[in-house]
Each structure stands twice: as C-alpha cells, then as structure tokens.
**Q** 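Mind looking over this structure? Questions follow.
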Amino acid sequence: QVQLVESGGGLVQPGGSLRLSCAASGIIVSIDDMGWYHQAPGKQRELVATISSGGSTDYADSVKGRFTISRDNAKNTVYLQMNSLKPEDTAVYYCQMRVRSGYFRSFNNYWGQGTQVTVSS
C-alpha cells in the first residue's frame, strides 16, 4: 500500500552537511509520527530523531544541536538536515513512518530502503 523512498546520502568530509529526504507514495490517508534511524555495520539499529504529526521533535543525545528533523505534509516527506557531521555518524540511515492507507482503519509502520552516509577524510 505504501512505499518510502529515501535520497540524499553520500560521502562527506568531517564537518560537512547532508540533507536526507524520504517520500511516501501510495494510497495515503494520514501520516502520524515520522522518524529516522541509523545502523552501522555490526551494530544495532538506533533511533536518531522523531517528529510527531503536531511537529514535536525528539533527538538522540549524540545528534542534538547538529541534526534537525522536519516534515512537509503536503509532500508526504520527512527530512533530516545533518550538520557538523562526524565520522561516528557513518551508517545506513532509514526513515520510518506510521501511515494509514487505503481503507485500512489502523496505522501501520513502513520503512525506507536505507541510504548510506559516510563521513570520512
């Protein structure tokens, strides 16, 4: 019913910036919370940031002051602006949304395919 497509990853030097985008497509009735997670090789997937339908945000301690999550409801899109990037930010980043689609009454969770972010000199 719903597909999330991510873009914006790449290779940057320490201190650089990237902006990740994640757009949902399909028969979408409503989107509740949105979020970003990351996963480094050999490590667990971790929550990076979330944003509610009302615009409330939460961030992992490791990214506070550097990353900003935002959403554009008209485009069914969530963004992650990443500034002052560090090598330890290197990971695959996944978007997640809670979506009600079609004639389903309940919300379901959907995941993007992942986009690689590499921070290195």
Side-chain angles (χ1 to χ4, degrees):
Q1 291 292 312
V2 176
Q3 301 82 41
L4 307 187
V5 179
E6 302 180 32
S7 63
L11 173 64
V12 296
Q13 294 184 342
S17 297
L18 284 174
R19 190 193 192 203
L20 306 184
S21 298
C22 174
S25 62
I27 305 174
I28 297 170
V29 177
S30 181
I31 303 178
D32 193 6
D33 294 351
M34 300 178 175
W36 288 94
Y37 296 72
H38 68 190
Q39 186 171 24
K43 296 187 176 181
Q44 296 181 349
R45 187 172 299 186
E46 298 178 332
L47 180 66
V48 175
T50 61
I51 183 167
S52 73
S53 60
S56 298
T57 59
D58 286 292
Y59 298 91
D61 289 341
S62 61
V63 307
K64 286 181 179 177
R66 299 188 297 121
F67 291 10
T68 302
I69 187 171
S70 61
R71 62 192 288 166
D72 186 336
N73 292 328
K75 297 180 179 179
N76 295 324
T77 299
V78 62
Y79 305 94
L80 186 67
Q81 179 66 48
M82 304 185 293
N83 299 325
S84 302
L85 282 162
K86 304 175 181 180
E88 49 263 46
D89 296 319
T90 296
V92 178
Y93 284 73
Y94 299 89
C95 60
Q96 186 263 344
M97 301 185 190
R98 212 162 90 89
V99 182
R100 186 164 75 89
S101 65
Y103 290 99
F104 291 99
R105 193 172 186 272
S106 300
F107 287 86
N108 293 108
N109 292 321
Y110 295 89
W111 291 88
Q113 81 281 5
T115 184
Q116 177 70 47
V117 171
T118 303
V119 185
S120 176
S121 298

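Since this is a predicted model, take the numbers as computed values, not measurements. We number each residue from 1, following the sequence as shown. Reckoned from all heavy atoms, side chains included, excluding hydrogens, waters and symmetry mates.
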**Q** Is the ring pair Trp111/Tyr94 parallel, tilted or perpendicular, if the boundaries are 30 and 60 degrees?
**A**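 Taking Tyr94 first and then Trp111, their aromatic rings stand perpendicular (interplane angle over 60°).
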**Q** Verify the cluster assignment for Ile51 and Leu4: are they in a single hydrophobic cluster under the rule of side-chain heavy atoms below 4.5 Å apart?
**A**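 Same hydrophobic cluster.
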**Q** Hey, any chance Val5 and Leu20 share a hydrophobic cluster, counting ILVMFWY side chains that come within less than 4.5 Å of each other, even indirectly?
**A**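 Shared cluster, no.
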**Q** Locate the shortest heavy-atom distance separating Val78 from Met97; write the atom from each residue and the value.
**A**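 For Val78 and Met97, the tightest heavy-atom pair comes out as CG1-CE, 3.7 Å.
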**Q** Please lay out, stage by stage, how Tyr110 and Gln1 fare under the test side-chain contact (heavy atoms from CB on, under 4.5 Å).
**A** CA-CA 10 Å; Tyr110 295 89; Gln1 291 292 312; 4.0 Å; yes
**Q** Are Asp89 and Lys86 within salt-bridge range, i.e. N to O under 4.0 Å?
**A**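 Looking at Lys86 together with Asp89, the answer is no, because their closest N to O distance does not fall below 4.0 Å.
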**Q** Say you draw a straight line from CZ of Arg19 to CG of Leu80; how long is it, rounded to the nearest 0.5 Å?
**A**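 Rounded to the nearest 0.5 Å, the CZ-CG separation comes to 10.0 Å.
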**Q** If only atom types and distance count, is the side chain of Glu6 paired as donor or acceptor with the main-chain N or O of Cys95 below 3.5 Å?
**A**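 A pair under 3.5 Å: yes.
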**Q** List the atom pairs, with distances to 0.1 Å, where a side-chain N or O of residues 7-18 and a protein N or O form a donor-acceptor pair under 3.5 Å, not counting sequence neighbours.
**A**
unit_1	atom_1	unit_2	atom_2	d
Ser17	OG	Asn83	OD1	2.9

**Q** From the options Thr90, Val63, Val119, select the one residue that forms a side chain to side chain contact (heavy atoms under 4.5 Å, CB included) with Leu85.
**A**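 Option passing the side chain to side chain contact (heavy atoms under 4.5 Å, CB included) with Leu85: Val119.
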**Q** Please give me the minimum heavy-atom distance between Gln96 and Asn109, naming the atom from each residue.
**A**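 That would be NE2-OD1, 2.9 Å.
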**Q** Before giving the answer on side-chain contact (heavy atoms from CB on, under 4.5 Å), spell out for Phe107 and Ser30 the whole-Å C-alpha distance, their side-chain angles and the decisive distance to 0.1 Å.
**A** CA-CA 8 Å; Phe107 287 86; Ser30 181; 3.9 Å; yes
**Q** Could you go step by step and tell me if Trp36 and Met82 meet the side-chain contact (heavy atoms from CB on, under 4.5 Å) rule?
**A** CA-CA 12 Å; Trp36 288 94; Met82 304 185 293; over 6 Å; no
**Q** How about Glu88: does its CD atom have over 12 heavy atoms from other parts shown lying under 6.0 Å from it?
**A**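 Enclosed.
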**Q** Any sub-3.5 Å donor-acceptor pair from Arg98's side-chain atoms to Asp32's backbone N or O?
**A**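 Between the backbone of Asp32 and the side chain of Arg98 there is no qualifying donor-acceptor contact (under 3.5 Å).
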**Q** Could you pull out the closest heavy-atom pair between Gly102 and Val29, with the gap in Å?
**A**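 Taking every non-hydrogen atom into account, O-CG2, 3.2 Å.
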**Q** Between Ile28 and Val2, is any pair of side-chain heavy atoms under 4.5 Å apart?
**A**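 Of all side-chain heavy-atom pairs linking Val2 with Ile28, at least one is under 4.5 Å.
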**Q** Verify the cluster assignment for Val117 and Tyr59: are they in a single hydrophobic cluster under the rule of side-chain heavy atoms below 4.5 Å apart?
**A**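 Same cluster: Val117 reaches Tyr59 through Ile, Leu, Val, Met, Phe, Trp or Tyr contacts under 4.5 Å.
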**Q** Within the distance-only criterion (no hydrogens, no angle test), does the side chain of Arg71 pair as donor or acceptor with the backbone N or O of Asp33 below 3.5 angstrom?
**A**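 Side chain of Arg71 to backbone of Asp33, a donor-acceptor pair under 3.5 Å: no, none is there.
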**Q** Report the distance from atom OG1 of Thr68 to atom OH of Tyr79, rounding to the nearest 0.5 Å.
**A**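 The distance works out to 14.0 Å.
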**Q** Linking I/L/V/M/F/W/Y whenever their side-chain heavy atoms sit closer than 4.5 Å, directly or via other members, would Ile69 and Val48 fall into one cluster?
**A**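 Yes, because Ile69 and Val48 connect within a single hydrophobic cluster, where side-chain heavy atoms sit under 4.5 Å apart.
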**Q** Once side-chain hydrogen bond (donor to acceptor under 3.5 Å, both in side chains) is applied, do any residues pair with Glu46, and if so which ones, sequence neighbours excluded?
**A**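 For Glu46, the residues satisfying side-chain hydrogen bond (donor to acceptor under 3.5 Å, both in side chains) (neighbours in sequence not counted) are His38.
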